Amino acid sequence: MARQIKIGEIGDYAERQLNLLIKAAVLTADSRLKLQSPFDTGRFRASWAIGQNAAPFEGQPEGQYPSNPPPNAVNYSLGDERVGNVYSIHNNLIYAEPLAIKGSRKSGVPGGWVDSIAKDVQTYVNAEADRIGRQS
């Protein structure tokens, strides 16, 4: 049976559902980027950060980092993801862009892996939006 929503509550309901979808999409993309990042010292993997309307995180300092950081370890304060904000997942290390474009022969990661994750997350968002629509 379909959910019954009063006409005056449709906008609020839709916004709540979109906010949940935004949060899930951002966290899924962040987790996938970290899990699929090439690993040497772990600095690159640990330097992914989520920005809300900005990309201020400079990246982690040089050093050794855990080989398997938890995928939910985020460089961002979660909780108020909303429609209308712009979210970016960025890595400001100087070698991040070449690594994303060319990949890493040493760790066997092919070039274009970030674009592949972006496409996968878009597919995920479309499927989740469709699921939310069917449940509403």
Side-chain angles (χ1 to χ4, degrees):
M1 182 166 138
R3 170 181 257 150
Q4 291 186 358
I5 303 169
K6 295 179 183 176
I7 290 179
E9 297 172 356
I10 291 174
D12 290 339
Y13 175 79
E15 185 175 348
R16 280 192 307 274
Q17 295 303 309
L18 286 172
N19 290 341
L20 290 172
L21 181 57
I22 288 168
K23 182 176 186 171
V26 169
L27 293 177
T28 296
D30 182 66
S31 176
R32 298 264 325 263
L33 285 166
K34 288 175 181 169
L35 290 173
Q36 294 183 29
S37 289
F39 187 87
D40 184 15
T41 65
R43 180 181 183 208
F44 179 72
R45 187 177 287 175
S47 291
W48 285 107
I50 300 169
Q52 179 178 302
N53 301 321
F57 186 68
E58 295 296 322
Q60 297 291 354
E62 290 187 29
Q64 295 290 321
Y65 293 85
S67 61
N68 291 318
N72 59 349
V74 284
N75 297 314
Y76 169 75
S77 295
L78 299 171
D80 197 29
E81 293 73 28
R82 306 194 72 65
V83 172
N85 290 326
V86 175
Y87 296 92
S88 64
I89 302 172
H90 54 277
N91 193 318
N92 285 334
L93 295 180
I94 194 163
Y95 55 89
E97 187 173 0
L99 192 55
I101 294 170
K102 295 179 184 174
S104 169
R105 280 188 230 158
K106 182 178 179 180
S107 59
V109 175
W113 61 278
V114 172
D115 290 337
S116 176
I117 291 171
K119 288 176 187 173
D120 289 348
V121 171
Q122 182 61 53
T123 300
Y124 166 79
V125 167
N126 290 341
E128 284 298 296
D130 186 49
R131 183 188 62 76
I132 289 168
R134 284 192 315 273
Q135 288 181 347
S136 299

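These figures come from a predicted structure and were not determined experimentally.
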Rounded at 0.5 Å granularity, tell me how far [atom1] in [X] sits from [atom2] in [Y].
X	Y	atom1	atom2	result
Glu15	Glu9	CD	CD	13.5 Å
Ile117	Thr28	CD1	OG1	11.5 Å
His90	Ile50	NE2	CD1	9.0 Å
Arg32	Ser37	CZ	OG	11.5 Å
Arg131	Tyr124	CZ	OH	7.5 Å
Ile22	Glu128	CD1	CD	13.5 Å

Kindly say whether [Y] contributes a backbone atom to a donor-acceptor pair with the side chain of [X] at under 3.5 angstrom?
X	Y	answer
Ser31	Leu27	no
Asn91	Phe44	yes
Asp30	Ala49	no

Tell me, with the steps shown, if Asn126 and Asp130 meet side chain to side chain contact (heavy atoms under 4.5 Å, CB included).
CA-CA 6 Å; Asn126 290 341; Asp130 186 49; over 6 Å; no
Min side-chain heavy-atom separation Ser47-Asn92 under 4.5 Å
no
Please tell me whether [X] and [Y] are part of a single hydrophobic cluster in this structure, the criterion being side-chain heavy atoms less than 4.5 Å apart.
X	Y	value
Leu20	Tyr87	no
Ile94	Ile89	yes
Leu93	Ile101	no

Nearest heavy-atom pair of [X] and [Y]: which atoms, and what distance?
X	Y	answer
Trp113	Pro38	CZ2-CD, 3.7 Å
Asn19	Arg82	OD1-CA, 3.2 Å
Ala100	Val114	CB-CG2, 3.5 Å

I would like to know whether Arg16 and Asp12 meet side chain to side chain contact (heavy atoms under 4.5 Å, CB included); could you show each step before the answer?
CA-CA 6 Å; Arg16 280 192 307 274; Asp12 290 339; 3.7 Å; yes
